[in-house]
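Before any comments, here is the structure.
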Amino acid sequence: MALAFVTETQHQISLMRWWDIVHSRYGLPKNALYHPPNEGVRTIASGAKEKKLGLRKGFPDLQLLTPSGVYGMLFIELKSEHGKPTQEQTEYLDYLRSRGYAACLCYGWDAARRCIENYLAGQEIPERLA
């Protein structure tokens with residue numbers, strides 16, 4: 001019997017369902033955790049338009065739009081347990097960290113949940129959580 005593979009999309013849906021339940025515990029609106037529509041299949045014309053409007057390859061999957069501890073904002077690149085970040089994703093996370101933001105590569109929704117909980121508790125955020 002083969003084990004079912006949980007996709008990155010399924011992990012992100014699980015994380016957002018969790019957030020929809022708990023956001024008010026932190027005194028934050030649902031909108032505080034945001035996913036920019038950076039991925040997806042586009043036509044050549046719509047892709048060119050999005051690029052002109054500021055779409056950037058490698059931008060993190062999620063942003064938590066509230067300061068906490070020493071950080072002004074949290075950025076999360078979410079991967080499945082077996083996923084691998086692209087070079088652009090790694091460079092973006094490094095850039096954000098160099099500017100004093102919390103930026104974490106999270107493998108699975110539970111790692112992302114723990115990252116958010118730690119961030120909101122004012123703790124230091126590691127570069128990677130599994």
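These numbers were taken from a predicted model, which means no experiment stands behind them.
- Here the side chain of Tyr26 pairs no donor or acceptor atom with the backbone of Glu117 at under 3.5 angstrom.
- In this structure, the separation between CH2 on Trp109 and CD on Glu81 is 11.5 Å, given to the nearest 0.5 Å.
- The minimum heavy-atom distance linking Tyr107 with Ser80 is given by the pair CD2-O, 3.3 Å.
- Contact between Met73 and Leu64 at its shortest, heavy atoms only, is CG-O, 3.1 Å.
- Going from atom CD1 of Ile116 over to atom CZ of Arg113 covers 9.5 Å, rounded to the nearest 0.5 Å.
- Checking Gln87 against Thr90 by side-chain atom types alone, no donor-acceptor pair falls below 3.5 Å.
- Between the OG1 atom of Thr9 and the CG atom of Asp61 there is a distance of 9.0 Å, given to the nearest 0.5 Å.
- The side-chain heavy atoms of Met16 and Leu62, taken from C-beta on, include a pair separated by under 4.5 Å.
- To the nearest 0.5 Å, atoms CG (Asn118) and CG (Leu129) are separated by 7.0 Å.
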Please lay out, stage by stage, how Leu120 and Leu74 fare under the test side chain to side chain contact (heavy atoms under 4.5 Å, CB included).
-> CA-CA 9 Å; Leu120 292 172; Leu74 171 63; over 6 Å; no
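- Tyr101 and Tyr71 have their aromatic ring centers separated by at least 6.0 angstrom.
- Although no hydrogens or angles enter the test, the distance criterion places a donor-acceptor pair under 3.5 Å between the side chain of His23 and the main chain of Leu28.
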Give the C-alpha distance, both sets of side-chain angles, the deciding distance and a yes or no for side chain to side chain contact (heavy atoms under 4.5 Å, CB included) between Phe75 and Phe59.
-> CA-CA 9 Å; Phe75 293 87; Phe59 193 77; 3.8 Å; yes
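- A donor-acceptor pair under 3.5 Å links the side-chain atoms of Ser68 to the main chain of Tyr119, judged by distance alone.
- Rounding to the nearest 0.5 Å gives a distance of 10.0 Å between CG of Leu78 and SG of Cys104.
- Of the candidates Lys84, Lys79, Lys57, Gln89 forms a side chain to side chain donor-acceptor pair (under 3.5 Å) with just one, namely Lys79.
- A donor-acceptor pair shorter than 3.5 Å cannot be found between the side chains of His35 and Gln63.
- By the 4.0 Å N-to-carboxylate-O rule, Asp94 lies close enough to Arg97 to be salt-bridged with it.
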Check against side chain to side chain contact (heavy atoms under 4.5 Å, CB included), Leu93 and Glu127 | CA-CA 8 Å; Leu93 293 174; Glu127 291 185 10; over 6 Å; no
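- Cys115 approaches Cys106 most closely through the heavy-atom pair CB-SG, 3.9 Å.
- Residue Trp19 holds its CH2 atom at 15.5 Å from OH of Tyr34, rounded to the nearest 0.5 Å.
- Linking Ile, Leu, Val, Met, Phe, Trp and Tyr whenever their side-chain heavy atoms come within less than 4.5 Å puts Val22 and Ile76 in one cluster.
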